[in-house]
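Note that this is a predicted model, so its numbers are computed, not measured.
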Amino acid sequence: MSRLFVILFLTCSSILYAQNVVYDHLFNTDQLPTAIYYDIVEDYNYNIWLASGNGLVKYDGDQFITYTNEKQRAITVFNLTIDKDGILWCNNLYGQIFYVKDDQLQFFYDARDLTGGQLSPFQVKEASVQLFTRNNGIFSINRKSKVVEKISSKLTLSATTSSGATQLLSLNPPQDDFSIDLIDNETVTSITSIDLSNVIAPMITRFDEELLVHYMLNNQNKIIHIDAQNRKTPLKVPQELRTNRIYNLKIINDQLWFCTNDGSGDIL
């Protein structure tokens with residue numbers, strides 16, 4: 001038995017009510033160009049983009065195409081983001097930010113001095129890229145001039161965008177408590193607090209006006225649903241996902257997709 005990458009999906013209604021859970025592989029394992037993926041997104045042309053350990057990968061329905069850039073200090077990419085113009089963006093562990101133009105992976109900015117060696121989520125605005133760091137706060141990078149401005153001291157563990165709104169999972173020193181925040185342009189507003197003491201790798205995923213908070217506790221995956229009134233409800237995690245390493249959760253076409261590191265079956 002080999003450890004493979006598999007993407008599992010459930011309808012949002014299934015995970016919220018724990019009924020009729022459905023899951024499946026996205027591709028046959030012999031089709032995949034590499035073993036591990038960290039993110040998935042569909043662009044406006046219905047291409048599937050995958051953030052992989054071997055670079056940025058596009059699946060156009062017929063073949064997998066890998067994109068790299070000569071300036072990359074690490075080819076593994078994360079945080080796939082489609083901007084309003086349909087341009088795909090990503091970054092890496094070294095703080096480098098890239099985008100795809102003219103079917104090439106283009107270098108945008110080296111933010112390693114801002115990220116401090118931590119993988120940092122970001123969002124792309126019309127005139128700037130907002131970078132949410134774990135140690136140094138929130139920064140705005142002008143898309144034309146590359147001028148950097150610090151806009152908040154909030155420390156961000158995870159960020160999620162849906163329906164034009166971006167929410168953050170923030171760590172608030174010196175008490176080191178956690179909050180869910182909303183960022184509107186350059187203003188950060190706290191929405192609700194949440195107890196995440198002693199958890200591992202917390203992340204948030206927004207759909208419509210609701211949130212899912214995922215983390216690991218005692219080697220078990222946990223998911224909390226937060227509704228529009230900020231009511232928090234623990235959800236039952238399907239058996240197939242309870243101990244798998246979950247790298248990411250994404251909402252695509254009203255389905256919740258899980259990027260995990262565990263597969264089923266043998267490689268022949």
Side-chain angles (χ1 to χ4, degrees), residues 4-5 7 26-133 138-149 158-162 164 166 247-253 257 259 261:
L4 309 172
F5 169 80
I7 297 176
L26 177 61
F27 304 110
N28 294 328
T29 57
D30 58 359
Q31 291 179 285
L32 295 170
T34 186
I36 296 180
Y37 297 81
Y38 300 99
D39 203 353
I40 178 173
V41 71
E42 184 179 35
D43 67 20
Y44 297 164
N45 295 316
Y46 308 106
N47 297 304
I48 298 294
W49 293 86
L50 300 163
S52 91
N54 284 351
L56 178 66
V57 177
K58 181 177 76 172
Y59 179 66
D60 62 6
D62 295 317
Q63 61 181 332
F64 292 94
I65 304 168
T66 300
Y67 294 74
T68 58
N69 182 285
E70 62 181 9
K71 293 185 178 180
Q72 284 178 273
R73 287 193 294 274
I75 62 173
T76 302
V77 297
F78 304 86
N79 295 323
L80 301 185
T81 300
I82 304 288
D83 69 18
K84 71 177 186 63
D85 296 318
I87 296 174
L88 181 130
W89 298 68
C90 61
N91 66 349
N92 63 22
L93 285 167
Y94 289 88
Q96 294 176 300
I97 303 173
F98 300 88
Y99 63 96
V100 175
K101 185 177 181 180
D102 299 327
D103 207 37
Q104 299 286 329
L105 186 62
Q106 309 282 347
F107 175 74
F108 170 69
Y109 189 78
D110 188 339
R112 57 181 166 178
D113 291 337
L114 306 178
T115 63
Q118 298 286 334
L119 181 63
S120 299
F122 65 91
Q123 70 169 337
V124 182
K125 311 287 283 185
E126 184 173 356
S128 66
V129 173
Q130 290 182 340
L131 184 66
F132 310 108
T133 74
I138 302 173
F139 299 88
S140 176
I141 307 168
N142 187 281
R143 289 179 61 170
K144 289 184 178 180
S145 67
K146 307 299 193 299
V147 171
V148 177
E149 177 187 2
S158 178
T160 181
T161 300
S162 176
T166 297
Y247 292 117
N248 209 343
L249 285 75
K250 299 296 286 281
I251 305 293
I252 301 177
N253 297 328
W257 295 68
C259 297
N261 72 329

Check ion pair K101-D85 (N to O, under 4.0 angstrom): no
Atom pair [atom1] ([X]) and [atom2] ([Y]), whose distance is rounded to the nearest 0.5 Å:
{"X": "F122", "Y": "T166", "atom1": "CZ", "atom2": "OG1", "answer": "11.5 Å"}
{"X": "S52", "Y": "F78", "atom1": "OG", "atom2": "CZ", "answer": "9.5 Å"}
{"X": "L80", "Y": "L56", "atom1": "CG", "atom2": "CG", "answer": "6.5 Å"}
{"X": "N142", "Y": "Y109", "atom1": "CG", "atom2": "OH", "answer": "11.0 Å"}
{"X": "I87", "Y": "D43", "atom1": "CD1", "atom2": "CG", "answer": "11.5 Å"}
{"X": "F139", "Y": "S128", "atom1": "CZ", "atom2": "OG", "answer": "13.5 Å"}

Heavy-atom closest contact ([X] atom, [Y] atom, distance):
{"X": "V77", "Y": "Q72", "value": "CG1-NE2, 3.9 Å"}
{"X": "N69", "Y": "L105", "value": "ND2-O, 2.7 Å"}
{"X": "T115", "Y": "S120", "value": "CG2-OG, 3.5 Å"}
{"X": "N79", "Y": "P121", "value": "ND2-CA, 3.7 Å"}
{"X": "G53", "Y": "T76", "value": "O-OG1, 3.0 Å"}
{"X": "D83", "Y": "V124", "value": "CB-CG1, 3.8 Å"}

Side chain to side chain contact (heavy atoms under 4.5 Å, CB included) between N54 and T68, worked out: CA-CA 9 Å; N54 284 351; T68 58; over 6 Å; no
Stepwise side-chain hydrogen bond (donor to acceptor under 3.5 Å, both in side chains) test for D60 and N47: CA-CA 5 Å; D60 62 6; N47 297 304; over 6 Å; no
Residue pair L131, I138: steps toward the side chain to side chain contact (heavy atoms under 4.5 Å, CB included) verdict: CA-CA 6 Å; L131 184 66; I138 302 173; over 6 Å; no
Distance flag, aromatic centroids of F98 and F108, threshold under 6.0 Å: no
Under the ring-ring contact (aromatic ring centres under 6.0 Å, His included) test, residues paired with F132 that sit two or more places apart: none
Qualifying residues under side-chain contact (heavy atoms from CB on, under 4.5 Å), relative to R73, sequence neighbours excluded: Y94, Q96, D110, R112
Modelled atom types, side-chain donor and acceptor of N248 and D39, under 3.5 Å: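 Indeed, the side chains of N248 and D39 share at least one donor-acceptor pair under 3.5 Å.
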Worked check of side chain to side chain contact (heavy atoms under 4.5 Å, CB included) between T81 and V41: CA-CA 7 Å; T81 300; V41 71; over 6 Å; no
Enclosure of Y46 OH (heavy-atom neighbours >12, cutoff 6.0 Å): no
Those residues that, when tested against D103, pass salt bridge (Lys or Arg N to Asp or Glu O under 4.0 Å) (two or more places apart): K58
Ring geometry between W89 and Y99 (parallel below 30°, tilted from 30 to 60°, perpendicular above 60°): tilted
